[in-house]
Each structure stands twice: as structure tokens, then as C-alpha cells.
**Q** 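Quick one: the structure is below, and I'll ask about it shortly.
The model shown is predicted, which means the values in this text are computed figures rather than measured ones. Lettering follows sequence order; numbering is per chain, from 1.
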Amino acid sequence: MLDLKFVRDNFDLVKENIERKNEKADLSEFLLLEEKRREFIQNTEKLKNERNVVSKEISNLKRTGGNADNLIADMKVVSDKIKEFDDNLKEVELQIQDIITRLPNMLAEFVPVGKSEEDNKVIHHWGEIVPQKLKMNHIEISKALGILDFERGAKVSGSGFSFYIGKGAKLERAIIDFMIDYHVEKHGYTEFWSPFMVNEASMFGTGQLPKMAEDMYFAQEDGMYLIPTAEVPLTNYHRDEILNFEELPKKICGYTPCFRRESGSYGKEVHGFLRVHQFNKVEMVNFALPENSFEQLEILTNEAEDILKALNVPYRRILLCSGDTSFASAMTYDLEIWASGEEKWLEVSSCSNFIDFQARRANIRFKRTPSSKPEFVHTLNGSGVATSRLYATILENNLQEDGNVIIPEALRPYCGFDKIEAK
RNA sequence: GGAGAGGUGGCCGAGUGGCUUAAGGCAACGGUUUGCUAAACCGUCGUAGGGGUCAAACUCUACCGGGGGUUCGAAUCCCCCCUUCUCCGCCA
């Protein structure tokens with residue numbers, strides 16, 4: 001969320017930012033409503049002051065045995081008026097709230113202006129792209145190995161869900177364990193295991209609500225949402241809290257399944273593991289000082305890359321252009337890995353600096369010294385990384401000519417086997 | 001799911017309709033004293049939003065888990081919800 005005063009004082013900048021981000025947000029009423037708001041505040045506060053003063057007089061009169069009937073009658077009128085003014089004020093505040101919670105975050109200055117993913121900027125590549133001889137994608141490979149079952153996933157749940165079987169299930173667990181251990185041991189993260197369902201306030205805090213409501217699974221009876229990413233529980237862990245200067249930057253990570261309705265996606269582009277309703281992900285979250293959050297974004301993105309390097313997966317880092325940068329983000333790097341069967345770059349990580357946008361929504365602050373004024377922290381997060389597409393890529397890139405899949409060395413201690421053989 | 005007891009500032013804790021603009025304490029910060037530390041003493045000590053100002057000073061309003069209500073006036077009374085604890089029931 002943007003600061004109300006900031007929007008008021010930088011109205012044109014905010015408008016321009018909305019366009020650059022390719023977002024739709026209506027600001028036409030804003031200035032008028034904001035003016036109204038302040039007028040209504042003055043109206044009602046003036047009367048409240050009067051009520052407070054006279055109430056004290058009434059109190060004094062009653063204590064000394066005087067008659068306060070006239071004053072009480074007067075105040076009855078004033079009280080009714082206050083109620084009316086308060087209702088007006090509340091109405092205007094709701095309207096302003098509705099506008100301001102739908103305004104996207106301000107883009108960082110480094111973000112290139114552009115409309116779609118075609119304007120994204122490739123920052124660098126790593127690893128060697130080796131063409132795959134058998135020309136099999138992960139669906140065909142997994143069928144040959146007997147380790148994934150998309151059909152029964154669809155039967156039991158629906159399309160976009162799958163079963164992992166035998167060594168296939170073990171491989172998934174191995175990938176997750178490997179990534180968590182790596183971030184904890186090599187990058188200094190603290191591991192968290194979090195709830196997979198959260199309340200509305202949490203979804204608002206990280207910016208999924210109100211805009212993305214239709215992209216999430218919602219349990220109506222209990223008013224809870226299935227998390228689309230661990231970012232939500234991990235960032236909201238510190239909601240409504242004041243952190244100490246010394247503990248920043250605070251780095252936490254965690255594994256969770258992620259649930260996404262993906263309501264707009266169909267067809268061949270989304271087959272197999274390319275787009276699913278439930279996938280596994282290790283997420284890194286960083287609560288940072290405002291003055292070095294962009295340095296932290298570089299560090300965090302490097303940490304996600306380390307996972308790909310350790311697994312020897314070719315990847316490229318992409319700086320998203322303004323139009324592709326998400327609602328809550330000020331700047332985002334995507335990591336894409338090369339899948340030799342799909343012959344495509346697949347996004348497996350998105351690393352963002354949200355600056356104070358989420359912190360203001362979720363009210364996460366810090367104090368520089370015990371007596372200084374609280375300031376909003378900067379929040380960052382990045383996938384480190386998402387498994388499904390990584391899983392698909394591991395199958396495709398490590399497929400041998402005999403149809404077996406060799407397990408990357410870093411995963412072998414976690415798997416307990418070094419290859420999966422074709423049936 | 002049922003019954004009961006709680007939720008007050010960074011923390012502890014008083015307060016059951018009006019001298020409470022939330023007592024008192026701890027912690028924190030500034031100062032005095034002191035050879036140093038400690039102690040003692042004095043002062044400061046919340047958040048948000050208005051007004052005001054070049055900026056301040058200053059001033060007003062709201063906030064006692066959240067939301068409604070009663071009243072001239074609510075931390076205090078009523079209703080709904082959230083949450084913690086104890087007991088009972090059900091259950092992986």
C-alpha cells in the first residue's frame with residue numbers, strides 16, 4: 001500500500017506509475033474524496049471537542065448537586081450530529097481505502113519501461129545448454145519411468161494435480177530437503193514450517209487481497225485461503241510487530257505446497273508440470289533495512305541461483321520490465337531454467353523487493369534505537385526455488401540415451417539412489 | 001461442539017458509568033550526583049489522523065483484542081466475532 005500523503009503529494013507520479021505497470025486503477029475521484037475526508041474530520045472533531053468539554057461540566061455539576069438538564073439536552077443534539085458526521089466520514093474513508101489498496105507499488109528507478117515480457121531484460125546466463133537426443137518431455141519420461149500419474153491426479157482431484165510414485169515421490173522430497181538445507185547451512189536462513197491456510201488479514205498484508213481474490217482457493221465456512229506461496233505466512237509472521245534494528249536483515253525460509261486456481265490458463269502451453277494447481281516451493285523471505293534492501297535483492301537472487309548451480313541446471317536471470325512487474329513489487333528478477341525436452345525457458349523463481357509496500361499493509365516496523373520512531377521495514381522474497389518445473393527439467397536434462405534418468409550429484413545423499421531406471 | 005475464566009501502552013499491572021486527559025511499577029532515553037561502575041534523584045517517555053508553522057512550538061480527535069449498540073458521557077453496561085487458558089465431548 002502506498003502512503004496516503006505520498007499519493008496526495010505525488011499524484012502525477014502515481015498515475016504515471018499505474019500506466020507503466022499496465023495496471024488499471026481509477027484515481028479520478030481521489031483528490032476530491034481526500035479533500036472531503038479532511039473537511040469531514042474537522043466537522044466531527046470540532047463537535048467531539050465540544051462534547052468532551054461539556055461532558056466534564058455535566059460531571060462537575062452532578063457532583064456538586066447542580067442541575068445539568070439543559071446541558072444534557074443540548075448534548076443529545078450534538079451527539080446525534082456527531083453520529084451523522086461520523087457516518088459521512090466513514091463512508092468517504094471506505095471509498096479512499098478502496099482506491100488506495102488497489103494502487104500498485106511504485107517501481108524502482110532501475111526497472112526498464114515496457115509493456116510485456118518481450119521488454120524484459122536478460123541480465124545473464126549460466127550453464128551449458130545440451131540438446132536432448134531422445135526428444136522426450138517430462139510427461140513422456142515420467143510415464144516411461146512410472147513415477148508420475150497425471151491421469152489419476154485428474155481423476156482424484158482435477159486437471160493440474162498429480163501423484164508422485166516410488167522413486168518419483170522420493171525425488172520430490174529430496175529436492176525440497178536439499179534446497180532447505182542449502183539455504184539454512186550456506187545462506188544463513190532460519191527454517192520455518194508454516195500454516196498452509198491463512199486468514200483474510202494475512203492475504204491483505206502481502207497484497208494478494210483484494211485484487212487477486214479469484215486466483216485463490218477459499219474455504220468459505222472458515223474464511224480462510226489456501227496459500228498461493230509461503231510468502232504469505234512467512235511475511236505475515238511479523239504482522240503488527242516492531243522488530244529490533246539488530247535483527248535486520250532477518251532471513252527466513254520455508255517449504256510449503258502452493259495452491260493456485262490459474263483460472264485463465266488452458267491448453268498445450270500448460271501441460272504436465274508447466275502449470276499446476278498445487279506445487280511445492282521453498283521460499284526465502286527477508287525483512288530488510290530500507291537503506292540496503294536493493295543490495296539484499298541481489299543477495300537473495302544470487303542465493304536462488306546457487307541452488308540451480310548446485311543442481312547444474314542452465315538458467316538465465318531476467319529483470320522484469322515495468323509492465324511485467326507484479327502489483328506489489330518495486331523490482332523483480334525472474335530465474336528461468338532451460339528444459340531440454342520442452343525446449344523452453346521455464347520460470348522457477350521470482351525474486352522481488354516490495355520495499356515498504358507490504359510492510360505498510362501488514363504494519364511491520366522496526367526501531368533504530370529503543371527511543372526512536374518506528375519505521376516500516378522493507379520486505380523481499382524469492383522462490384528458492386519452485387519444484388514442479390525444476391523436477392520436469394531435471395528429468396529432461398538428465399535423461400540418458402538408454403532411457404534412464406541420472407540423479408544430480410547434489411541430490412544423491414537425499415535420494416539414496418543415483419538413477420531412476422526405465423521400466 | 002458444550003461449560004467456565006481471561007485479553008488494558010515495549011513489558012508487568014490497577015481500574016465495574018463522570019476529579020482517569022489510563023494510577024503505579026519495570027524497561028528505555030536525557031540530565032544531576034559520582035574517581036569508575038552501581039545506586040539515588042530530576043525530567044522525558046505510545047500510535048495514527050486533523051489544524052497550525054518555512055520548519056517547529058502548540059493544539060485537537062481517536063485508540064484499553066476486533067466490530068456494532070445503549071448513554072449527555074463507556075476501559076467499565078449490552079450484542080456479535082477473534083483469540084488464550086481450564087474442564088467435558090468428538091476425532092486424525
**Q** If we take the P atom in both B:U8 and B:C87, what is their distance in whole Å?
**A**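 Pairwise P distance, B:U8 against B:C87, rounds to 22 Å.
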**Q** Could you tell me how far B:A23 sits from B:C77 if I compare only their C1' atoms? Round to whole Å.
**A**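 Result for the C1' pair: 23 Å, nearest Å.
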**Q** Can you check the distance between B:U70 and B:C78, where both ends of the measurement are the P atom (answer in whole Å)?
**A**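 It comes out at 15 Å once rounded to the nearest Å.
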**Q** Quick one: sort the A:Phe178 and A:Tyr414 rings into parallel, tilted or perpendicular, breaks at 30° and 60°.
**A**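 Geometry flag for A:Tyr414 against A:Phe178: perpendicular rings.
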**Q** Work out how far the P atom of B:U76 is from that of B:U21, and round it to whole angstrom.
**A**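 One P to the other, the span is 14 Å.
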**Q** Could you walk me through whether A:Asn105 and A:Lys21 pass the side chain to side chain contact (heavy atoms under 4.5 Å, CB included) test, one step at a time?
**A** CA-CA 9 Å; A:Asn105 197 5; A:Lys21 260 200 165 168; 3.9 Å; yes
**Q** Before you tell me yes or no, could you show the steps for A:Phe40 and A:Phe85 under side chain to side chain contact (heavy atoms under 4.5 Å, CB included), namely the whole-Å CA-CA distance, both residues' side-chain angles and the distance that decides it to 0.1 Å?
**A** CA-CA 7 Å; A:Phe40 290 172; A:Phe85 284 171; over 6 Å; no
**Q** Looking at every strand, decide which applies to A:Asn52 at a 4.0 Å heavy-atom threshold: base, sugar-phosphate, or nothing.
**A**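 Sugar-phosphate: the residue A:Asn52, judged by heavy atoms under 4.0 Å, touches backbone atoms but no base.
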**Q** Going by the angle between their ring planes, with limits at 30° and 60°, are A:Phe273 and A:His138 parallel, tilted or perpendicular?
**A**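 Ring orientation of A:Phe273 relative to A:His138: parallel.
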**Q** Which part of the nucleic acid, if any, lies within contact of A:Lys62, taking any heavy atom under 4.0 Å across all strands shown: a base, the sugar-phosphate backbone alone, or nothing?
**A**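 Here A:Lys62 touches the bases of the nucleic acid.
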**Q** For chain A and RNA chain B, what are the first and last nucleotides along the strand, 5' to 3', with at least one atom under 4.0 angstrom from a heavy atom of the protein chain?
**A**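 For RNA chain B, the relevant span reads B:G18 to B:G73.
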**Q** Could you check whether A:Arg8 gets within reach of a base, just the sugar-phosphate, or nothing at all, counting any heavy atom under 4.0 Å?
**A**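 Result for A:Arg8 = sugar-phosphate.
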**Q** Which whole number of Å gives the distance between the C1' atom of B:U20 and that of B:G9?
**A**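 To the nearest whole Å, 15 Å.
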**Q** Does any donor atom in the side chain of A:Glu231 or A:Thr206 lie under 3.5 Å from an acceptor atom in the other side chain?
**A**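 Absent: no donor and acceptor within the cut-off.
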**Q** Does the plane of the ring in A:Tyr225 sit parallel, tilted or perpendicular to the ring in A:Phe218? Use 30° and 60° as the thresholds.
**A**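 The rings of A:Tyr225 and A:Phe218 sit tilted, inter-plane angle from 30° to 60°.
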**Q** Can you give the dot-bracket line for RNA chain B, using ( ) for pairs inside the strand, [ ] for pairs that cross earlier ones, | for pairs with another strand and . for unpaired bases, where Watson-Crick and G-U count if both distances are under 3.5 Å?
**A** ((((((((.[[[..)..(.....]]].(((((.......))))).((((((......)))))).[[[[[..)....]]]]])))))))....
**Q** Would you sort out whether A:Arg102 and A:Asp26 count as a side chain to side chain contact (heavy atoms under 4.5 Å, CB included), showing the intermediate values?
**A** CA-CA 9 Å; A:Arg102 288 166 191 275; A:Asp26 186 9; over 6 Å; no
**Q** Rounded to whole angstrom, note down the C1' distance from B:U16 over to B:C90.
**A**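 These two C1' atoms come out 38 Å apart once rounded.
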**Q** What nucleic acid atoms does A:Ile41 come within less than 4.0 Å of, heavy atoms only: base, sugar-phosphate, or nothing?
**A**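 Sugar-phosphate only.
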**Q** Considering only atom C1', compute the distance from B:C11 to B:C36 and round it to an integer number of Å.
**A**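 The answer is 31 Å between these two C1' atoms.
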**Q** With rounding to whole Å, what would you report as the distance between B:C42 and B:U47 at their C1' atoms?
**A**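 It comes out at 27 Å once rounded to the nearest Å.
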**Q** Start at the 5' end of RNA chain B and walk down; is the nucleotide closest to A:Arg38 or to A:Pro374 reached first?
**A**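 Final value for this comparison: A:Pro374.
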**Q** By nearest nucleotide on RNA chain B, pick out whichever of A:Ile58 and A:Lys373 is the more 5' one.
**A**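 Mapping each residue to its closest nucleotide by heavy atoms, the 5'-most match is A:Lys373.
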**Q** Any side-chain donor-acceptor pair under 3.5 Å between A:Gln97 and A:Glu93?
**A**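 No, no side-chain donor-acceptor contact under 3.5 Å.
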**Q** May I ask you to say what A:Lys81 touches in the nucleic acid, namely base, sugar-phosphate or nothing, with a heavy-atom cut-off under 4.0 Å?
**A**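 Since no nucleic acid heavy atom lies under 4.0 Å of A:Lys81, the category is nothing.
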**Q** According to the interplanar angle, ranging from 0 to 90°, do the rings of A:Tyr255 and A:Trp193 count as parallel (below 30°), tilted (30 to 60°) or perpendicular (above 60°)?
**A**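 A:Tyr255 and A:Trp193: tilted rings.
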**Q** Applying side chain to side chain contact (heavy atoms under 4.5 Å, CB included), can you list everything that pairs with A:Ala201, at least two apart in sequence or on another chain?
**A**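 So A:Ala201 forms a side chain to side chain contact (heavy atoms under 4.5 Å, CB included) with A:Asn199, A:Arg239.
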